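Below is one structure, written out as structure tokens; the observations come after it.
Because the structure is predicted, anything quoted here is derived from the model rather than measured.
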Amino acid sequence: MTALSFIPTSRKGDAWFFAGLKSSFPNLTESGADVLHEPRACENSESARGCKVFHVPSNDASQAEQIEGEEMILHNGAALLDQVLIFQYKGKVHAIDNKCPHSAFPLAKGTPFDIEDFGVVLSAGIHCPKHGWSFDLFTGTSDRNNYKLRTWEVQLRPISNAKTQIGGGADQDENDDAQEVWVRRKQRLG
């Protein structure tokens with residue numbers, strides 16, 4: 001009798017990829033007011049878009065490439081297939097599919113907002129401007145029907161040279177924005 005050996009399948013498509021420093025994502029704080037892809041002023045007086053979009057091949061996440069400019073908001077369902085939208089809303093970095101699961105519309109044109117009940121903030125969501133649908137940023141749940149937005153895992157890691165001095169003599173590891181943002185597809189269990 002021959003023993004069967006277990007050979008795990010390759011999970012290159014589920015690998016982590018570097019998306020930039022946390023400080024490169026403007027912190028959007030106005031509920032329902034900021035359209036993600038629009039440029040805004042950053043702390044260092046430069047202008048940056050409120051989000052980043054990456055094309056992440058499903059078979060090898062190490063080949064992720066950032067999509068720049070107007071290409072991040074083109075309404076082309078096929079092009080949106082393997083795109084991830086990354087942004088910071090109220091201090092938390094979120095990563096979701098750039099494609100609305102209802103209408104294949106780029107969510108980089110969307111607006112983040114607070115999900116509230118009687119004035120109590122319960123969660124955060126994103127509003128798709130095409131048909132007015134909304135999705136929870138943590139669960140992906142839609143406000144209508146059974147559509148579900150895929151959410152991605154986000155990990156904030158200390159910068160490898162974290163002892164570099166920044167303005168005011170403070171170490172980078174004491175600064176919340178001095179972190180690297182790493183993203184990957186959520187792992188399927190089982």
Side-chain angles (χ1 to χ4, degrees), residues 13 17-58 61 63-116 121-154 156 177 181-186:
F17 71 90
F18 176 66
L21 296 176
K22 185 177 178 190
S23 59
S24 68
F25 294 90
N27 188 12
L28 309 175
T29 57
E30 290 290 320
S31 178
D34 294 314
V35 175
L36 289 174
H37 79 281
E38 291 179 350
R40 55 198 35 87
C42 292
E43 294 173 11
N44 56 4
S45 72
E46 292 180 14
S47 179
R49 292 190 184 272
C51 64
K52 292 182 182 180
V53 175
F54 288 84
H55 177 263
V56 185
S58 59
Q63 301 300 314
E65 293 182 15
Q66 185 171 354
I67 298 170
E68 305 270 353
E70 297 302 310
E71 285 188 42
M72 70 171 46
I73 57 170
L74 290 178
H75 183 100
N76 178 348
L80 295 172
L81 185 59
D82 287 324
Q83 290 184 8
V84 60
L85 169 66
I86 307 167
F87 61 96
Q88 184 178 185
Y89 179 63
K90 295 196 172 180
K92 172 109 174 96
V93 178
H94 298 276
I96 58 175
D97 275 357
N98 189 30
K99 179 177 140 185
C100 174
H102 165 245
S103 65
F105 193 76
L107 288 175
K109 289 185 175 185
T111 306
F113 66 95
D114 291 335
I115 297 174
E116 300 181 7
V121 177
L122 303 173
S123 190
I126 187 163
H127 176 263
C128 177
K130 177 135 188 210
H131 293 119
W133 286 39
S134 299
F135 301 89
D136 188 292
L137 291 173
F138 296 95
T139 65
T141 307
S142 169
D143 62 347
R144 300 178 201 151
N145 292 340
N146 290 326
Y147 289 98
K148 188 156 182 162
L149 176 65
R150 183 170 47 169
T151 58
W152 294 54
E153 289 184 76
V154 175
L156 298 178
D177 282 343
V181 177
W182 289 79
V183 177
R184 76 171 176 179
R185 286 180 176 84
K186 280 208 172 167

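Sorted by first and then second residue, the salt bridge (charged side-chain N to carboxylate O under 4.0 Å, His left out) pairs with a member in residues 63-76 read Arg49-Glu70; sequence neighbours excluded.
Between Arg144 and His131, the shortest heavy-atom contact is NH1-O, 3.6 Å. Nearest heavy atom pair, residue Phe135 against residue Gly140, reads CD2-O, 3.8 Å. Contact record, Phe138 with Ala124: CE1-N, 3.8 Å, taken as the closest heavy-atom pair. Across all their heavy atoms, Val183 and Ala95 have their closest contact at CG1-CB, 3.8 Å. Shortest non-hydrogen contact noted between Phe25 and Ala19 is CZ-O, 3.7 Å. The two residues Ala108 and Val35 have their closest heavy-atom pair at O-CG1, 4.3 Å.
Rounding to the nearest 0.5 angstrom, the gap separating the NZ atom in Lys99 from the CD atom in Gln83 is 10.0 Å. The CZ atom of Phe113 sits 15.0 Å away from the CD atom of Glu30 when rounded to the nearest 0.5 Å. Atom CD1 of residue Ile126 and atom OG1 of residue Thr111 lie 7.5 Å apart, to the nearest 0.5 angstrom. Taken from CD1 in Ile73 to CG in Leu36, the straight-line distance is 11.5 Å, to the nearest 0.5 Å. With rounding to the nearest 0.5 angstrom, the CG atom of Leu107 is 10.5 Å from the NE2 atom of His127. For the atom pair CG of Asn98 and CZ of Phe54, the computed distance is 12.0 Å after rounding to the nearest 0.5 Å.
Listed for the Ser31 side chain is a donor-acceptor partner under 3.5 Å among the backbone atoms of Asp114. Remark: the backbone N or O of Glu38 is paired with a side-chain donor or acceptor of Arg40 at under 3.5 angstrom. Looking at Asp143, its side chain does come within 3.5 Å of a backbone N or O of Ser134 through a donor-acceptor pair. No side-chain donor-acceptor contact under 3.5 Å links Lys148 to the backbone of Pro101. Asp97 contributes no side-chain N or O that, together with a main-chain N or O of Val84, makes up a donor-acceptor pair within less than 3.5 Å.
Here the side chains of Phe87 and Ile96 are in contact, with some heavy-atom distance below 4.5 Å. At least one side-chain heavy atom of Ser24 sits under 4.5 Å from a side-chain heavy atom of Lys52. Contact check for Val154 versus His94: no side-chain heavy atoms found under the 4.5 Å cut-off. The closest side-chain heavy-atom distance from Ser58 to Arg185 is below 4.5 Å.
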- Task: Apply side chain to side chain contact (heavy atoms under 4.5 Å, CB included) to Leu21 and Val181, showing your working.
- Result: CA-CA 6 Å; Leu21 296 176; Val181 177; over 6 Å; no
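Between Trp152 and Phe17, the ring-plane angle classifies as perpendicular under the 30° and 60° cut-offs.
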